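These numbers were taken from a predicted model, which means no experiment stands behind them. Chain naming here is simple, since letters A, B, ... match the order of the sequence lines and numbering starts at 1 in each.
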Amino acid sequence: MRYQRPKGTADILPGESQHWQYVEAVARQVFKKYRFEEIRTPLFENFEVFSRTSGDTSDIVTKEMYDFKDKGDRHISLRPEGTAGVVRAFVENKLYGPEVQKPFKTYYMGQMYRYERPQSGRQREFHQIGVEAFGSDEPALDVEVIAMGRDLFKHFGIDNLRLAINTLGDKESRDSYRQALIDYLEPHYDELSEDSQVRLHKNPLRVLDSKDEKDKKFVADAPSILDYLTPAAQAHFDQVKSLLTALGIDYVVDSTMVRGLDYYNHTIFEFMVDSKALGHGYTTVCAGGRYNGLVEELGGPEVSGVGFGLGMERLILLMEAEGVQFPEEHHLDAYVVGIGDEANATTLQVVQALRSQDYSADRDYLARKPKAQFKTADRLSAAYTLTVGEAELAAKTIHVKNMASGNEVTAPLADVMTHFAEVISNID
RNA sequence: GCGGUAUUGGUGAAGUUUGGUUAACACACCGGAUUGUGGUUCCGGCACGCGUGGGUUCGAGUCCCACAUACCGCCCCA
């Protein structure tokens with residue numbers, strides 16, 4: 001084995017690729033109903049696009065980014081997530097302009113890159129589907145995005161979802177909560193896990209997310225962000241909750257839920273699922289939230305945004321584990337058996353003629369014996385098997401067999417070449 | 001970046017404990033069973049090599065080292 005694919009990458013082979021196409025098709029169809037349209041942005045951006053938006057201290061920027069200097073000495077990074085690039089494009093193309101209807105609703109799907117240790121469903125090159133909606137502060141938009149996410153999973157055949165929501169409030173709420181959290185945790189500094197001791201001053205909210213048992217007992221009694229919301233932030237969150245209820249969407253409020261990226265504020269949410277395929281207990285399959293201020297961060301006007309992203313590898317793993325039926329698409333209408341070298345040209349002509357009549361058709365290219373060709377026709381589940389041999393060539397006919405019924409007929413070659421539908425209507 | 005487990009053909013794999021002639025078995029695939037008809041049956045074929053590179057040994061798939069990759073856990077997260 002001379003060459004292997006780079007660590008953390010995967011070949012998506014025929015068979016598997018059908019699952020991907022199905023997922024993408026379903027997503028496009030759902031997004032269309034909500035009037036989200038596709039955007040395609042570069043797989044790489046200037047490093048600063050991600051370092052500015054994700055936060056300089058975030059793990060993504062400090063250790064997971066695939067960045068390099070190109071031949072023009074530009075500091076480039078492969079995109080580790082989708083939002084920053086979309087926001088950059090939003091600003092650069094002035095999609096905040098008056099001629100663009102607000103909210104501007106868009107989606108993307110494609111490769112993302114993170115330099116990290118691969119595990120099942122977690123690769124260095126992976127794929128995300130994400131949506132973003134810009135230009136409205138209304139809680140109704142948060143709820144539309146959440147509702148669309150739920151709708152999406154329903155169409156994927158996943159409906160045993162748990163929706164967890166929380167709010168990070170506005171900047172004022174967040175600052176006062178951050179201080180309160182530090183004040184609470186500081187006296188217990190020596191009792192915290194090593195990781196959390198580092199987190200305490202860098203990003204105290206992350207302590208809430210710790211899986212370390214030592215930390216969990218402090219987290220249980222830690223102050224809640226919900227007690228530090230400004231009236232405006234509180235009102236926003238209340239509206240989100242009541243609109244979710246109005247739509248009959250169940251949710252749980254998890255006040256310890258946080259985000260790895262710095263740009264989120266107000267509503268954040270996660271769709272979680274309890275499936276062995278993704279590990280023990282509830283794991284997140286889709287995460288999103290509001291990011292007011294991000295557009296400004298990248299040089300645009302004061303335009304708010306809300307969106308979500310989901311990992312396609314994990315989604316497909318989940319769908320396969322949950323027994324979702326993917327449509328099978330390798331239907332073969334006709335297999336053409338050619339007997340003898342003299343039949344070669346005619347066989348090729350018939351196959352092409354059937355294809356031009358919009359039938360899927362194939363033939364043997366290994367010069368195999370008739371018996372082997374018939375076996376292949378069967379294995380490929382061909383609906384019809386056509387046979388051309390010495391006798392047919394002489395008589396300008398072709399033998400057509402319905403593989404399901406076993407009925408067969410000898411038809412004029414010219415009919416099959418131009419009116420295959422009529423020919424088979426006589427033998428079904 | 002740290003720790004653990006694993007790596008045998010197209011596939012699933014036995015064999016590694018106690019290093020010793022021909023790498024089991026099965027599936028898939030290919031060919032054949034009197035000349036041009038398919039899911040069954042029967043027969044036959046199918047690893048000069050055991051992730052890669054070194055080392056120990058009279059001898060290594062089996063022991064040692066390094067590297068690569070996969071999986072699990074940590075970190076983080078989709």
Side-chain angles (χ1 to χ4, degrees), chain A residues 1-10 13 54 57-65 79-83 109-130 149 193-196 198-199 202-203 206 209-213 257-261 270-273 278-280 283-288 308-318 335-340 342-343 364 366 368-393 398-408 410:
Chain A
M1 223 169 280
R2 201 73 185 79
Y3 297 105
Q4 345 179 232
R5 57 182 180 259
K7 187 185 184 102
T9 62
L13 305 175
S54 300
T57 60
S58 71
D59 281 298
I60 283 188
V61 172
T62 55
K63 56 182 215 189
E64 292 179 1
M65 204 111 92
R79 61 186 187 189
E81 55 95 28
T83 301
M109 41 183 77
Q111 286 92 330
M112 305 292 161
Y113 300 86
R114 285 185 202 176
Y115 191 89
E116 64 179 346
R117 199 68 178 264
Q119 280 172 40
S120 173
R122 298 177 55 179
Q123 293 161 222
R124 291 184 169 182
E125 178 182 63
F126 61 103
H127 299 74
Q128 277 191 336
I129 294 177
S193 68
E194 250 179 78
D195 289 322
S196 288
V198 177
R199 290 180 186 122
K202 220 172 80 175
N203 192 346
R206 292 226 61 85
D209 213 24
S210 176
K211 285 157 201 85
D212 194 298
E213 291 304 326
M257 187 164 79
V258 297
R259 274 291 110 92
L261 301 173
E270 294 184 4
F271 286 105
M272 311 178 84
V273 67
L278 302 179
H280 313 294
T283 51
T284 302
V285 288
C286 174
F308 66 70
L310 65 94
M312 293 179 72
E313 278 78 5
R314 286 167 65 85
L315 170 68
I316 289 171
L317 222 51
L318 175 67
Y335 191 85
V336 182
V337 173
I339 300 163
E342 321 77 60
D364 171 75
L366 299 172
R368 292 194 297 176
K369 297 244 171 85
K371 171 128 179 150
Q373 295 190 44
F374 286 111
K375 254 178 146 164
T376 301
D378 184 55
R379 192 131 23 82
L380 298 178
S381 307
Y384 295 91
T385 300
L386 318 203
T387 310
V388 184
E390 225 177 308
E392 290 80 5
L393 285 172
I398 187 164
H399 199 77
V400 184
K401 178 173 184 176
N402 178 327
M403 294 296 273
S405 67
N407 295 335
E408 37 197 323
T410 298

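Nucleotides B/rC67 and B/rU5 are separated by 16 Å at their P atoms, to the nearest Å. Nucleotides B/rG53 and B/rA60 have their C1' atoms positioned 15 Å apart, rounded to a whole Å. Rounded to whole Å, the C1' atom of B/rA14 lies 12 Å from the corresponding atom of B/rC50. The C1' atoms of B/rG59 and B/rC76 are separated by 49 Å, rounded to the nearest whole Å. Comparing the C1' positions of B/rG19 and B/rC58 gives an interatomic distance of 12 Å, to the nearest angstrom. For the C1' atoms, the distance linking B/rA23 with B/rA70 amounts to 24 Å, nearest Å. If you take atom P in B/rA47 and the same atom in B/rC65, they sit 33 Å apart, rounded to whole Å. Atom C1' of B/rG31 sits at a distance of 31 Å from the matching atom of B/rG61, rounded to the whole Å.
Residue pairs meeting the salt bridge (charged side-chain N to carboxylate O under 4.0 Å, His left out) criterion with at least one partner in residues 116-125 of chain A, sequence neighbours excluded, are A/Glu116-A/Arg122.
Looking at A/Glu392 and A/His399, their side chains never bring a donor and an acceptor atom within 3.5 Å of each other.
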Nucleotide N/O of nucleotides 68-71 of chain B paired with protein N/O under 3.5 Å:
unit_1 : atom_1 : unit_2 : atom_2 : d
B/rA68 : O2'    : A/Gln4 : OE1    : 2.7
B/rA70 : OP1    : A/Gly8 : N      : 2.8

Pair assignment for RNA chain B - dot-bracket with | for other-strand partners, Watson-Crick or G-U under 3.5 Å | ((((((((.[[[..)....(....]]].(((((.......))))).....[[[[[..)....]]]]])))))))....
Each nucleotide of nucleotides 29-41 of chain B classed B (base within 4.0 Å of a protein heavy atom), S (only sugar-phosphate) or -, in 5' to 3' order, makes SSSS---BBBS--
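Other residues, nucleotides and ligands contribute more than 12 heavy atoms inside 6.0 Å of the CD atom of A/Gln111.
Remark: A/Thr9 pairs with no residue by the side chain to side chain donor-acceptor pair (under 3.5 Å) rule, at least two apart or across chains. By the ring pair (Phe, Tyr, Trp, His ring centres under 6.0 Å) test, A/His127 pairs with A/Trp20, sequence neighbours left out.
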In sequence, state the C-alpha distance, the side-chain angles, and the governing distance for A/Leu393 and A/Val388, and then conclude on side chain to side chain contact (heavy atoms under 4.5 Å, CB included).
-> CA-CA 7 Å; A/Leu393 285 172; A/Val388 184; 3.8 Å; yes
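Taken from CD in A/Glu270 to OG1 in A/Thr283, the straight-line distance is 10.0 Å, to the nearest 0.5 Å.
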